[in-house]
Amino acid sequence: MKPFKLPENFLLGSATAAEQIEGGDKNNNWYDWCIKGHIKDNSTCLRANEHWERFRDDIELMKALNHKTYRMGLSWSRIEPEEGKFDPKAIEHYREELELLRSSGIVSLITLHHFAHPLWLVEKGGFEDKSVLWYFERYVKHVVSSLGDLASDFITFNEPNVYALYGYFYGTWPPGRKSLRLYNRVLRNMTICHIKAYKLIHKIRRDNGFTGETKVGLAHHLRVFDPYNRYNPLDIMTARLMEYLFQDMVMKSMSSGFLRPPMGFGIPLTAGKYQDFLGINYYSRTAARFKGFQDSIMPGGPRNDLGWEIYPEGLYRLCKKYSRIYHIPIWITENGTCDANDSFRARFIYDHLYQASRLCDEGVRIERYYHWTLMDNFEWLEGESAPFGLYHVDFETQRRTLRKSGEFYAELSRSNEVKRCLSP
Ligand code: BGC
């Protein structure tokens with residue numbers, strides 16, 4: 001394996017989400033889903049990493065990893081626990097966290113919605129109902145007016161395609177609906193929310209004279225879709241169709257304001273450019289099969305503990321392809337793996353960042369990489385049983401222990417390079 005070097009201004013860090021690490025909040029759709037018995041190990045997000053209390057120590061953990069940037073989520077249900085009633089203590093808390101990150105030399109990137117929201121919004125119909133357009137706008141306005149002096153970089157939605165697919169088409173996530181009509185409607189509403197938020201964030205930061213260039217985007221879950229049998233025209237067609245319905249339709253609509261069918265038609269607000277960076281969450285590839293319209297795994301390839309194929313080349317292919325389409329800087333807003341024994345995570349990081357370095361060498365503008373994730377956390381349906389962390393977490397004691405792969409990432413982040421050849 002070859003040594004490689006990333007550009008000096010390339011920022012490395014990690015990503016987390018509020019409801020996966022903070023703990024202590026029952027007022028959100030995911031806690032409600034947990035107590036209805038949907039989580040494999042029967043854990044709930046009420047414990048998670050107790051990050052709400054331990055955030056100062058956790059920032060020390062980031063410093064030990066030589067983080068230059070950190071992607072953090074905000075909890076809407078903490079900020080606005082009741083409809084229209086904002087909690088000043090929650091804002092104070094996030095101000096302290098953001099200030100500490102800043103004084104530690106860590107650039108923060110804020111996610112406004114990462115699969116979770118308050119229960120009162122669920123009662124109002126959540127993202128199915130048009131009222132969300134107004135509620136989301138009001139939430140964003142409050143957040144950016146009160147935190148926008150401490151952060152200039154925002155992600156409106158994490159993986160709208162995954163959220164809509166699992167929550168409204170497969171029905172395995174809250175609110176457990178199964179309807180193609182709803183999948184499209186939710187994505188439409190999210191698109192309008194995103195565009196309104198994009199404009200609002202820029203406006204509020206500009207009007208208040210907050211320093212730093214404002215950057216707003218989305219964290220898209222992107223996969224490579226290859227035909228399971230590359231000689232089978234039906235598998236080839238299935239791959240293209242899945243790719244369009246799962247990601248291209250969503251990305252094109254959200255970034256331009258011009259809705260693509262079947263998600264929608266026409267321009268609900270105004271057409272424009274609604275992404276300042278292309279956020280890519282990359283984990284794996286789909287081997288598409290016509291038979292049963294199946295989302296399979298390519299046979300023979302390496303896999304992680306959850307059975308996901310490990311395919312670093314996919315990151316290269318996606319960045320190459322989408323940089324030609326969107327012409328904006330790419331931020332890898334998530335990339336990581338589930339590896340309880342920590343036997344392949346360092347290699348995973350090496351292989352993916354090696355692809356990033358190839359892209360940089362070829363002139364593709366990749367500026368940041370956020371490893372998923374800082375520490376083992378509450379992994380949605382898997383609960384506490386799927387460790388993705390650079391730190392191992394004992395959930396009983398909340399003790400965090402740096403993994404070997406974490407040491408490797410810390411060294412890489414210190415110098416932005418891998419000097420020695422690694423043994424496989
Ligand atoms: C999500 C994270 C999740 C990770 C690993 C991503 O799609 O944004 O919240 O923990 O995948 O499953």
Side-chain angles (χ1 to χ4, degrees), residues 13-23 28-31 33-34 38-41 43-45 48-49 51 70-76 109-117 154-167 169-170 172-174 190 217-224 246-247 250-251 278-286 295 297 303-311 314-315 318 331-340 344-345 348-349 352 368-391 393 395 405:
S14 67
T16 61
E19 282 72 13
Q20 289 184 271
I21 63 169
E22 285 180 352
N28 66 76
N29 57 334
W30 266 93
Y31 177 71
W33 196 243
C34 295
H38 293 285
I39 310 304
K40 291 193 182 126
D41 62 359
S43 60
T44 77
C45 53
N49 299 109
H51 175 77
Y70 172 57
R71 176 182 163 209
M72 61 180 267
L74 302 181
S75 163
W76 187 352
L109 166 62
I110 289 181
T111 313
L112 294 163
H113 184 274
H114 194 130
F115 303 153
H117 45 253
F154 291 86
I155 286 172
T156 54
F157 289 111
N158 180 68
E159 303 186 345
N161 53 353
V162 170
Y163 173 75
L165 189 71
Y166 288 101
F169 183 70
Y170 291 138
T172 49
W173 284 16
M190 290 180 107
L218 293 136
H220 298 283
H221 183 110
L222 300 187
R223 308 176 68 79
V224 168
F246 180 70
Q247 64 200 29
V250 182
M251 253 200 299
L278 182 64
I280 299 183
N281 292 0
Y282 175 69
Y283 287 90
S284 191
R285 124 168 107 170
T286 286
D295 168 356
I297 308 272
R303 298 178 186 201
N304 76 5
D305 293 0
L306 296 175
W308 304 354
E309 185 192 359
I310 300 175
Y311 181 58
L315 183 65
L318 288 172
W331 295 358
I332 300 161
T333 37
E334 281 182 35
N335 172 243
T337 197
C338 181
D339 174 17
F344 52 84
R345 186 178 286 100
F348 181 100
I349 294 171
H352 286 81
R368 301 185 185 186
Y369 172 93
Y370 294 88
H371 189 75
W372 186 271
T373 182
L374 176 65
M375 55 193 159
D376 299 341
N377 63 15
F378 175 79
E379 174 52 38
W380 309 120
L381 290 186
E382 268 77 26
E384 293 172 353
S385 64
F388 276 77
L390 294 165
Y391 285 89
V393 173
F395 288 95
S405 54

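Indexing begins at 1, ligand by ligand and atom by atom, following the structure's order. Residues take their numbers from the sequence shown, with the count starting at 1. Hydrogens, waters and symmetry mates play no part in the numbers below; they use all other heavy atoms, side chains included.
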Can you tell me if E334 and Y283 form a side-chain donor-acceptor pair at under 3.5 Å? yes
Using distance alone, determine whether E334 and ligand 1 share an N or O pair under 3.5 Å. yes
Could you grab the distance from atom CG of N28 to atom CH2 of W76, nearest 0.5 Å is fine? 12.5 Å
To check your reading of the model: name the closest protein heavy atom to atom 12 (O) of ligand 1, its residue, and the distance in Å. E379 OE2, 2.6 Å
Within ligand 1, which atoms have a heavy atom of Q20 less than 4.0 Å away? 2 (C), 9 (O), 10 (O)
If we only consider heavy atoms of W308, is any one of them less than 4.0 Å away from an atom in ligand 1? yes
Parallel, tilted or perpendicular: ring planes of Y166 versus Y170, cut at 30 and 60 degrees: tilted
Looking at Y311, is R285 sitting on its ring face, NZ or CZ under 6.0 Å from the six-membered ring centre and within 45 degrees of the normal? yes
Close approach, H114 and ligand 1, non-hydrogen under 4.0 angstrom: yes
Below 4.0 Å, non-hydrogen atoms only: which portion of F378 touches ligand 1? Side chain, backbone, both or neither. neither
Do you see a donor-acceptor pair shorter than 3.5 Å between the side chains of T111 and N158? no
Which ligand 1 atoms does F388 reach within 4.0 Å, using its non-hydrogen atoms? 5 (C), 12 (O)
Taking the six-membered ring for Trp, are the ring centroids of H352 and Y369 within less than 6.0 Å of each other? no
Counting only heavy atoms, which portion of N158 has something under 4.0 Å from ligand 1: side chain, backbone, both, or neither? side chain
Need the ligand 1 atom indices (1-based, order shown) with element for anything under 4.0 Å from a heavy-atom of H221. 7 (O)
Just checking, any donor-acceptor pair under 3.5 angstrom between side chains of E19 and S75? yes
Specify the protein heavy atom at minimum distance from atom 4 (C) of ligand 1: its residue, its atom name, and the distance to 0.1 Å. Y283 OH, 3.4 Å
